[in-house]
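Notes follow once the structure below has been shown.
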Amino acid sequence: MVKTRFAPSPTGYLHIGGARTALFNYIYAKHFGGKFILRIEDTDSERSLKAYEEDIIKSMQWLGLVSDEPVSYQSQRLNIYKEYCQKLLDEGKAYNCYCTAESLEEDKSKLIAEGKKPMYSGKCRNLLGDEQNVNLPHVVRFKTHRGDGRLTKFKDLIRDQSVSVNHSEIDDFVIMRTDGIPTYNFAVVIDDALMGITHIIRGDDHLSNTPKQVLLYEALGFEPPAFAHVSMILGNDGKRLSKRHGATAVMQYKNDGFLPEALINYLVRLGWSHGNDEILSLDEMIQYFDLKHISKSAGVFNKEKLLWLNAHYMKQKTAEELVGLINDISAINNNESNNAENVKTIQYSENVSVLIDALKPRVKTLVEIKEKMGFYLNEGSIIYDMNLLSEIDKFKLNESDDNEYKNSGQKKANVDEVIYFLNQLTGFVKNLHLDRLNLNGSACVNFIKESLDNFFSANKWSLKHKAMLVRIALTGEKISPGIYEVIFALGEARTLKRINDFIEFVKNNEVMINK
RNA sequence: GGCCCCAUAGUCUAGCGGUCAGGACGUUGCCCUCUCAAGGCAGUAACACGGGUUCAAAUCCCGUUGGGGCUACCA
């Protein structure tokens, strides 16, 4: 049975590179009906943090990558590593090293100064029993085969070729630290072997470590698993992805309003392909995934494409689902920054439903939906911005002398005409009797559309020339969903109030408009 | 420095000896249109370089260049 694992160290948040590795492992195992497990490699007590551990687990959950076994922690398996270390010691495959960090550092800088490879001298390699005092601080080093001139090789499934390294390149590396905690290369081999991992899919930053691990598998009498090294994700400057390239933490994407299906889809296509397929559900990924089509070269993270995918997946959600998702992240984001405006949770209603459906094609993230609902969420009065005056200036009541206006060039809107129009609009809205209509959302929007169209044509007005004034009156913005939807979402009372408020705004700025 | 890995448009990629080098994001133009989007249509743009092998090379081999990784009592 195929069994894979994702083995992050809790020394940082789960970032998108790690998430992609986890995803590859997960869908590879599922493709073969196998198991996927999560193992926390917390052997670096200096840098490991509980908070990061929790972040990793939460991120994995959010992405839907569930471990088939309870999450394991290396810090809870110390006795196991000790046991195997002793075995190697007993068999003469490892030895205690009493060299101090200072003397090691000295040797190293000396070798570098001489232009030689900085490798361990092997000073403690052949200490006799009576030359040792295990009560003294010491590490355990693995006895490699330096000098035998042979190669250690392993096959990499992604490159579809063997990678080999000469033993002269492999140092007697430390497997057990002074404090009795194993190093990465040692613990990872024991865990993967004991946990029955059949395929190791990991970042290619581990490619150079693999020969050491293969040597360890042999010394321990374990069968090595299959290896597959995925190249790294780079930032847009071609450098290894880091915080300065913007968001890298998975949870940050959640909070920024991305859907997990979008992130997963983006990540799977960053380095893997299935012909020309771009949109893939988790099930489809599982069905089609293979190592053969994983790219060997590094990929650059491209947020534009992620946004495109996110927009795509948002369109597939119902308005009600989106409201739930938006409220969910608003709660989180508001804990961090207490912006009163955003604290409000959105109450789902038919008005909200129509509005969100109208907004869907206009946004790329959940956060953006809420931002663009601002005019609706704002229950008080709109503070009309002065930059709206330029739109008011363009207003012409009588459209038949369009050319006259254009040709006269300087002519500004006539405030009396603007107000006349707004008053007419008020009358129109009152006559709609929106509150008394018994229509569902889309039927009501249609009714508003027909009525407004009739109202305009009866006055020889066109939507084209009048819509903007209606829009800015009702929303305070130059950009909004269609005005029919806006009127429906706002409802009669708020629509009338805003028109009235806007009339006041126009009156108060008459001087500016006629300037 | 040494060792290892990688190389198709701005980006992600298809390709696995013979293709008009295909798709997607982006970008540009047009259509649609109450603004902005979305959508539709059209366009733009790539085999890093140099040698081989072969009738034929983006594809195979070798160099060069460029990028990345490892070289820890980090993972």
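Each chain gets a letter, A, B and so on, in the order the sequences are listed, and its residues count up from 1.
A donor N or O paired with an acceptor N or O is not found under 3.5 Å between the base of B:rA75 and the side-chain atoms of A:Asp205. Contact of A:Glu278 with B:rG23 (side chain to base): a donor-acceptor pair of N or O atoms is detected under 3.5 Å. Taking 3.5 Å as the limit, the base of B:rC6 and the side chain of A:Ser231 contain no donor-acceptor pair of atoms between them.
One finds no side-chain N or O of A:Lys117 lying less than 4.0 angstrom from the OP1 or OP2 phosphate oxygen of B:rU71. The side chain of A:Thr43 contributes an N or O atom lying less than 4.0 Å from OP1 or OP2 of B:rA75. For B:rG69, the OP1/OP2 oxygens have a side-chain nitrogen or oxygen of A:Arg240 closer than 4.0 Å.
Going from atom CD1 of A:Ile369 over to atom C1' of B:rC36 covers 15 Å, rounded to whole Å. Here B:rU13 presents its P atom at 13 Å from CG of A:Asn276, a figure rounded to the nearest Å.
B:rC70 is paired with B:rG2 under the Watson-Crick or G-U wobble criterion, all donor-acceptor distances under 3.5 Å. Figure legend. B:rA24 is base-paired to B:rU11; pairs are counted as Watson-Crick or G-U wobble with both atom distances under 3.5 Å.
Rounded to a whole angstrom, the distance from the C1' atom of B:rG50 to that of B:rG39 is 48 Å.
Within the nucleic acid shown, A:Ser295 comes within 4.0 Å of sugar-phosphate atoms alone, with no base atom in reach, counting heavy atoms only. Residue A:Tyr484 is classed as a base contact, given a heavy-atom separation below 4.0 Å to a base. Residue contacts shown for A:Ile483 include a base, since a base heavy atom lies under 4.0 Å away.
Here B:rG23 is the nucleotide among B:rG26, B:rG23, B:rA7 with the atom lying nearest to any side-chain atom of A:Arg269.
Nearest heavy atom pair, residue A:Thr178 against residue A:Pro137, reads CG2-CB, 3.8 Å.
Ion pairing between a basic and an acidic side chain is recognised when a charged N comes within 4.0 Å of a carboxylate O; A:Arg141 and A:Asp171 show no such pairing. Taking 4.0 Å as the cut-off between side-chain N and carboxylate O, A:Glu105 and A:Lys108 do not count as a salt-bridged pair.
More than 12 heavy atoms of other residues, nucleotides or ligands shown are found within 6.0 angstrom of CZ on A:Arg125.
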